[in-house]
Amino acid sequence: MKYVNQAIPKKDWEALVTGKPVYTNDLAPEDCLIVKLLRSPHAHAWIEEIRTENALKVPGIACVLTYKDVPKKRFAIAGQTVPQLSAYDHLLLDPHLRYVGDPVAIVAGETEAAVETAMRRIKVKYRVETPVLDMHTAKDNPILVHPEEDWKVLIPLGADAKRNLCASDVEEEGDVDAVYEACLYKIDETYTTVPNQQTMMETFRTYCYMDYFGRLNVVSSTQIPFHVRRIVSDALGIPSSRVRVIKPRIGGGFGAKQTSVSEMYPAIVTWITGRPAKILFTRKECMTSGSPRHGMEIRVRAGADSEGIVRVIDVHTLSNAGAYATHSSAVVGLTGHKSIPLYRHLKAHRFSYDVVYTNTQDAGAYRGFGATQGIFAVESAIDELAAKMHMDPVCLREKNMLLEGLPPRGYDGNLSVINSCALDRCMIRAKEMIGWSEKYPRMELGNGKVRGVGVAMAMQGSSIAGVDVGGASIKLNEDGSYTLGLGCADMGTGCDTILAQIAADCLGTSVDRIVVFGVDTDISPYDSGSYASATTYATGNAVMLACEELSRNITAHGAGMLGKAPEDTAFDGEAVTDGTSRVTLEEIALHATCGVGDQLQVSRTFSSPVSPPPFMVGIAEVEVDKETGQTKVIDYAAVVDCGTPVNPNLARVQTEGGLVQGIGMALYEDVQYTDRGSIRNNSFMQYKIPSRTDLGNIHVEFESSYEPTGPFGAKSVGELVIDTPCPAIANAIYNAVGVRVRDLPITPEKIMKEIWKKDRG
């Protein structure tokens, strides 16, 4: 391999660092109408009357739309392959308002000032209802978040709007209760996570225009261009053939843009007025009307025998969907499916869950997609089990961790055995990097501060087995270069570069001769999108298939030019030769392009029947001030098995970024609601994410395995890397000061409260 497993610079690095106009708002026409949303001030209300005549009198206002003016067909906004798991519970505008921030009206005008003036002139009479704000009381509550009769699901999964349930199920293997009771060592604890904001730098933003064919063109910062086409089609009630979606450069997504949050609003304005229109969410709107991580409460029961072998894990998850189902039915599954299989000796396991509607902001996809919450709970419980056994938690994991060649119990990736797994080597290396043997469990610094170390393991997936589709087209140009067409969305991860590296090695050419163009649903091959850790694995396989077929076609065409049979020739990336004569790639390209009839272009898709998991070990060293509870991450060692890292530099950056987000989730980030259902911390002044000064050293290494189903042995890396910080930091704090905080974020106040309780017996 000349390019795969090499640190190739990102293809778009120069445009990004020189500030070229590449993002959605950079590209929007100057005459775009400005679109804004009037939002509900109430967590639960009905619109009894809405008057817009004074708003329409404001100079420069193009339209003011209410629920009376838009289609009344329900749709789902989650970017998932159909038939999707999420309920069809959205209307473009709905007289029933379900959270503080739910859209009441769409206002479009020529200037921002005109739009804001018009919004103040809209008069709304609300019938305010009692909201359901607590997920613990939502199930079977007489107050229904979705009482409408046209609510529907395509895949039930226990969903029942009459019970405020988005999903509910139990998966069980073996006699869990009997095995648990027979265990010598047992743990039964509950762990809580709160919603987290993705806080991507570029907010939700979309602009739309009508082309001269009368088609609606949607240019949007999205991870899911093809799903957006379907969602906009559903929302507006028009054929998807009338919708074209174009994805420019994305300024971060982290799962937030796997939900169609913004697209339908300028789309309906453009469809009605015929004029270009754009919407740019403010930071406050992103935080109050976006799609944050699900808040969850996870109860874990685990048991081990006298030898320290974990025999049973029982996980029950209560998840808060918020006002709409969005990704909730899919997210909850990963809390058990990506945590329980980490342990190989289980005689029994159970995973059950309830996902409930409440009158809070609806939650969506965020990096880790439920695995983050589940791994925090299970890996914390395993450490608590180790403490009861007086066993080093690393030793406990080494006795029990999943190994290559073994079946993953309770995994949802359709794998009978794990074909690639370096989890054991990841643990060995992480221990060396952090100095576990010297530092475990704690070191007193003598000034009221103490340092502790904590460990956690994680696994994720590589696309959704049998569901996700990667697509790629590859074309030989007349000068001997190639054009690689992709349907996945590069959101800053560098997947355009990674996939070009794969194509270059497949075709025996240089990365510079692979031209990659962004997603345009009119000309790009279908691709599910950039989510579910699917891009390198699924789309990478599609790229390989397309390149292999194109290589055969080039060989055949070159053989014809030489007057030989294809099997008597070979293509080395530069020419087709029969051993004595040769025809260059440029000659073949020109010959094929200029009227001979051979179209040297291939489009292929790939959907994997399996989802091979990547693995990771993270070890945190923290320093805790015993007088204040203040906690700092001093060092973090992360060792990742993502199969073959296609681009080690980009994989390292992915890992470092995920670790920082996980550290923020563990120690700082906390979406808080008032008793009226509005979000308190709706800006960066109140919602704190870690900066560089909050972090110590982060060390990342890779222990490669070889995944036989992946392109050049590769697996995913993007989501896995956020999963270990929460449990590793919680475990390190326990080892440092001897108290366990089970509710994220782990603030100084919570630590001191537990220290005081411990000191008072």
Side-chain angles (χ1 to χ4, degrees), residues 1 4-5 173 333-334 336-346 349 369 371 375 397-430 457-470 498-499 501-502 505-506 532-545 548 604-617 639-648 651 654-655 701-721 723-724:
M1 298 180 294
V4 169
N5 201 223
E173 183 178 317
L334 277 68
H337 297 153
K338 301 296 190 287
S339 58
I340 295 171
L342 283 166
Y343 294 88
R344 72 178 187 267
H345 295 303
L346 300 180
H349 60 85
F369 205 76
I375 287 170
R397 287 175 172 83
E398 288 175 331
K399 281 175 173 278
N400 290 279
M401 67 172 60
L402 185 60
L403 299 174
E404 190 168 293
L406 297 178
R409 304 293 179 84
Y411 184 61
D412 62 343
N414 198 30
L415 284 168
S416 56
V417 297
I418 297 295
N419 292 315
S420 60
C421 176
L423 191 55
D424 50 349
R425 289 186 277 121
C426 290
M427 182 67 76
I428 292 169
R429 184 62 188 130
M457 306 187 302
M459 64 187 295
Q460 198 80 30
S462 300
S463 79
I464 304 173
V467 174
D468 287 339
V469 175
I498 289 167
L499 296 170
Q501 289 176 251
I502 292 172
D505 269 345
C506 287
S533 299
T535 306
T536 297
Y537 180 75
T539 308
N541 269 314
V543 169
M544 286 190 70
L545 292 173
E548 287 166 0
R604 293 295 299 268
T605 60
F606 176 84
S607 183
S608 178
V610 297
S611 177
F615 297 92
M616 177 181 181
V617 171
V639 186
V640 179
D641 163 23
C642 58
T644 302
V646 177
N647 188 313
Q654 283 283 292
T655 305
E701 292 189 11
F702 298 94
E703 282 290 339
S704 297
S705 61
Y706 185 87
E707 173 50 47
T709 67
F712 292 98
K715 299 184 287 190
S716 72
V717 72
E719 289 186 278
L720 168 78
V721 293
D723 291 336
T724 59

Heavy-atom pair with the smallest gap, counting every atom of [X] and [Y]:
X: I502; Y: P711; result: CD1-CB, 4.1 Å
X: M459; Y: D723; result: O-OD2, 4.0 Å
X: S607; Y: G466; result: OG-C, 3.9 Å
X: A371; Y: K338; result: CB-CB, 3.7 Å
X: P708; Y: Y706; result: CD-O, 3.3 Å
X: Y411; Y: H337; result: CD1-O, 3.5 Å

How far does [atom1] of [X] sit from [atom2] of [Y], to the nearest 0.5 angstrom?
X: N647; Y: L499; atom1: CG; atom2: CG; value: 11.0 Å
X: I375; Y: Q460; atom1: CD1; atom2: CD; value: 6.5 Å
X: N400; Y: E398; atom1: CG; atom2: CD; value: 10.5 Å
X: S462; Y: E707; atom1: OG; atom2: CD; value: 7.0 Å
X: L334; Y: E719; atom1: CG; atom2: CD; value: 7.5 Å
X: D424; Y: M457; atom1: CG; atom2: CE; value: 10.5 Å

State which residue, out of T539, I464, T605, fulfils the side chain to side chain contact (heavy atoms under 4.5 Å, CB included) condition with V469.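 Checked T539, I464, T605 against V469; only one passes side chain to side chain contact (heavy atoms under 4.5 Å, CB included): T605.
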
Just wondering, do [Y] and [X] contact through their side chains at under 4.5 Å, heavy atoms?
X: S704; Y: P645; value: yes
X: P408; Y: L402; value: yes
X: C421; Y: L406; value: no
X: V543; Y: F606; value: no
X: S716; Y: S463; value: no
X: F712; Y: C506; value: yes
X: M401; Y: L342; value: no

Residue pair M616, V717: steps toward the side-chain contact (heavy atoms from CB on, under 4.5 Å) verdict: CA-CA 9 Å; M616 177 181 181; V717 72; over 6 Å; no

CA sep, side-chain torsions, deciding dist, call: D641, L720, side-chain contact (heavy atoms from CB on, under 4.5 Å): CA-CA 10 Å; D641 163 23; L720 168 78; over 6 Å; no

Classify the side-chain pair T644/N5 by whether it contains a donor and acceptor separated by less than 3.5 Å.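 No donor-acceptor contact under 3.5 Å links the two side chains.
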
Does [X] use its side chain to pair, donor to acceptor, with the backbone of [Y] at less than 3.5 Å?
X: E703; Y: C426; answer: no
X: R409; Y: L346; answer: yes
X: H349; Y: P341; answer: no
X: S611; Y: A465; answer: no
X: N414; Y: P609; answer: yes

Show, in sequence, the C-alpha distance, side-chain angles and deciding distance for F615 and K715, and conclude whether the side-chain contact (heavy atoms from CB on, under 4.5 Å) test is met. CA-CA 10 Å; F615 297 92; K715 299 184 287 190; 4.1 Å; yes

Output, in order, the C-alpha distance, side-chain angles, deciding distance and verdict of side-chain contact (heavy atoms from CB on, under 4.5 Å) for L403 and I418. CA-CA 7 Å; L403 299 174; I418 297 295; over 6 Å; no

